[in-house]
Colleague: 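Let me begin by handing over the structure; questions about it come next.
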Number of protein chains: 2
Amino acid sequence: MNKPGKQVLVALRQMIGSGELAAGSRVAEIPTSEMLGVSRMPVRMALRTLEQEGLLVKVGVRGYTVRSVTLENIIEAVEVRGVLEGLAAQRAAERGLDADTENALRDCLVNGDAIFAKGFLLEADLAAYEDLNIRFHEAVLRVGGNSAIRDALARNDHLPFASVKALAADKSRLDREYRRLNFAHMQHHAIVDALLRRQGVRAEALMREHANATLAYTDILQNAQG
Amino acid sequence: MNKPGKQVLVALRQMIGSGELAAGSRVAEIPTSEMLGVSRMPVRMALRTLEQEGLLVKVGVRGYTVRSVTLENIIEAVEVRGVLEGLAAQRAAERGLDADTENALRDCLVNGDAIFAKGFLLEADLAAYEDLNIRFHEAVLRVGGNSAIRDALARNDHLPFASVKALAADKSRLDREYRRLNFAHMQHHAIVDALLRRQGVRAEALMREHANATLAYTDILQNAQG
DNA sequence: ATTTTTTAAATTGGATCCAATATTGAATAG
DNA sequence: CTATTCAATATTGGATCCAATTTAAAAAAT
């Protein structure tokens, strides 16, 4: 069972994310539909969705262009993620952790400690850290989040490189990544400590600062320059 | 030449906001298109857009229902607006005000002072205050905002009652509104003071708290109960 | 009488066709 | 040779038609 609508959406998202559709290039209905072998309808739907997500910008009355994402845009989006996750952390601290979430967070800390105790990073560690990092942020959001926070974060994360899931680790510089990710992991420790002690403003400040861990090496991000 | 697409969108938004389309009720393509006298296409587009905006929720594979907005949802959205506008205020304070924005903010303060100096409110004052309130928040966002903040705010404000534009003043209780809006206006004074003194964290805290001024009388909001 | 199966109706997603509009290019006039 | 106007083409938005799927209702069997 083919679902052209869904397929067009993921195909275009992937093309934009990978740069196959360059920033600033025009995206018209007819060429896109021919390229993907579907009719104009699913393409039209996908374009409206991608515009809502902020990946495309409507240019006058004549179709869309791929949004140029500047380094500044990414920094701004990370800053916004910081205040939103900071709010979630504050709420989580004030509300207190349930047993499941506390266990999930402790598990993230133990996993990370095992990775960094070696004193160096292997390539496989990057994927493991990325996984535990996502679990960590999801756990905080599960307790401290609400629908408004989740909506705002989901929308904000549509921007490439701004999401928690986009650590953009540099596999060729594992020594440098060790220091960066170990620092981020120590922040995780501090955040859990604040959450367990019900220190709301401390948890918020830590989480807000922690967002910047995504951006440590801006040269990695230069390929996002539009 | 009517623009069905735009008209369907505003019509449905208005119907949802006014409660004409009750929370939880199903919104199908064919009945809606017949009701509005257009084809199914603009309706289909509008429904996807309204889903993205969070006013409709997709129910399985069978169409949409109007989102039930609880008082809790509104409180949460206002809290999110608080941190986002707080971030904008902090950035504005750190960056400093340009002359135009400083004049615009001072103008809002003068206008408000003129309204509240009387010691009571007339019905016409409500519209005047609403106008200056919007101008105030737009001015702060003009200096301290960025694309990520603006996007997140625009999306957050789609929820009825959560926006700056939804003060929901109670015209039948002008005495009570006097106290509430005067309080909000005094907060405006404090925020401008913080901005002029370049006190970023103070500006942020004030703006974040100021968001709650939208919610002073929860009984007004009870009709939003889903 | 109840349950299961089959059929019909409703509804969404996709494709094609049609209309309106803007942009570009060509032709003509100054 | 340049500028202006007119026409043609490209492109989006809307309408109608078609297919697939799900739900509900009705009929039949146990």
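Just so it is clear: chains get the letters A, B, ... in the order the sequence lines come, proteins before strands, and each one is counted from 1.
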Colleague: What is the distance, to the nearest angstrom, from the CD atom on B:Gln7 to the C1' atom on D:dG14?
Modeller: 13 Å
Colleague: Can you measure A:Lys6 atom NZ to C:dG13 atom P for me and round it to whole angstrom units?
Modeller: 11 Å
Colleague: Run the side chain to side chain donor-acceptor pair (under 3.5 Å) check on A:Thr32 and A:Arg40 step by step: do they pass?
Modeller: CA-CA 8 Å; A:Thr32 307; A:Arg40 281 175 51 209; over 6 Å; no
Colleague: Not counting sequence neighbours, which residues clear side-chain hydrogen bond (donor to acceptor under 3.5 Å, both in side chains) with B:Asp151? List them please.
Modeller: none
Colleague: Could you give me the CA-CA distance, side-chain angles and deciding distance for B:His137 and B:His188, then say whether ring-ring contact (aromatic ring centres under 6.0 Å, His included) is met?
Modeller: CA-CA 9 Å; B:His137 286 261; B:His188 284 184; 5.7 Å; yes
Colleague: I'd like to compare against my own output: the B/S/- annotation of nucleotides 15-20 of chain D with a strict under-4.0 Å heavy-atom distance to protein.
Modeller: BBB---
Colleague: Any chance the side chains of B:Thr214 and B:Arg81 put a donor and an acceptor closer than 3.5 Å?
Modeller: yes
Colleague: Are A:Thr65 and A:Ser25 packed together at the side-chain level, in the sense that at least one heavy-atom pair is separated by less than 4.5 angstrom?
Modeller: no
Colleague: Less than 4.0 Å between a side-chain N and a carboxylate O, is that true for B:Asp100 and B:Arg142?
Modeller: no
Colleague: What residues, two or more places apart in sequence or in another chain, satisfy side-chain contact (heavy atoms from CB on, under 4.5 Å) together with B:Ala148?
Modeller: A:Glu76, A:Ala77, A:Val80, A:Asn156, B:Asn146
Colleague: Is B:Arg91 paired with B:Glu85 through a side-chain N to carboxylate O contact shorter than 4.0 Å?
Modeller: no
Colleague: Heavy-atom count around B:Lys58 NZ within 6.0 Å, excluding the residue itself: above 12?
Modeller: yes
Colleague: Please list, by residue number, the residues of residues 26-35 of chain B whose heavy atoms come closer than 4.0 Å to an atom of DNA chain C; answer none if no residue qualifies.
Modeller: B:Ala28, B:Glu29, B:Ile30
Colleague: Does anything in residues 52-62 of chain A come within less than 4.0 Å of DNA chain C? Heavy atoms only, and list the residues if so.
Modeller: A:Val61, A:Arg62
Colleague: Can you check the B:Tyr64 OH to C:dG13 C1' distance for me, whole Å?
Modeller: 11 Å
Colleague: Rounded to whole angstroms, how far apart are CG on B:Leu36 and C1' on D:dG14?
Modeller: 14 Å
Colleague: Taking only residues two or more places apart in sequence, or in another chain, which ones meet B:Arg106 in a salt bridge (Lys or Arg N to Asp or Glu O under 4.0 Å)?
Modeller: B:Glu102
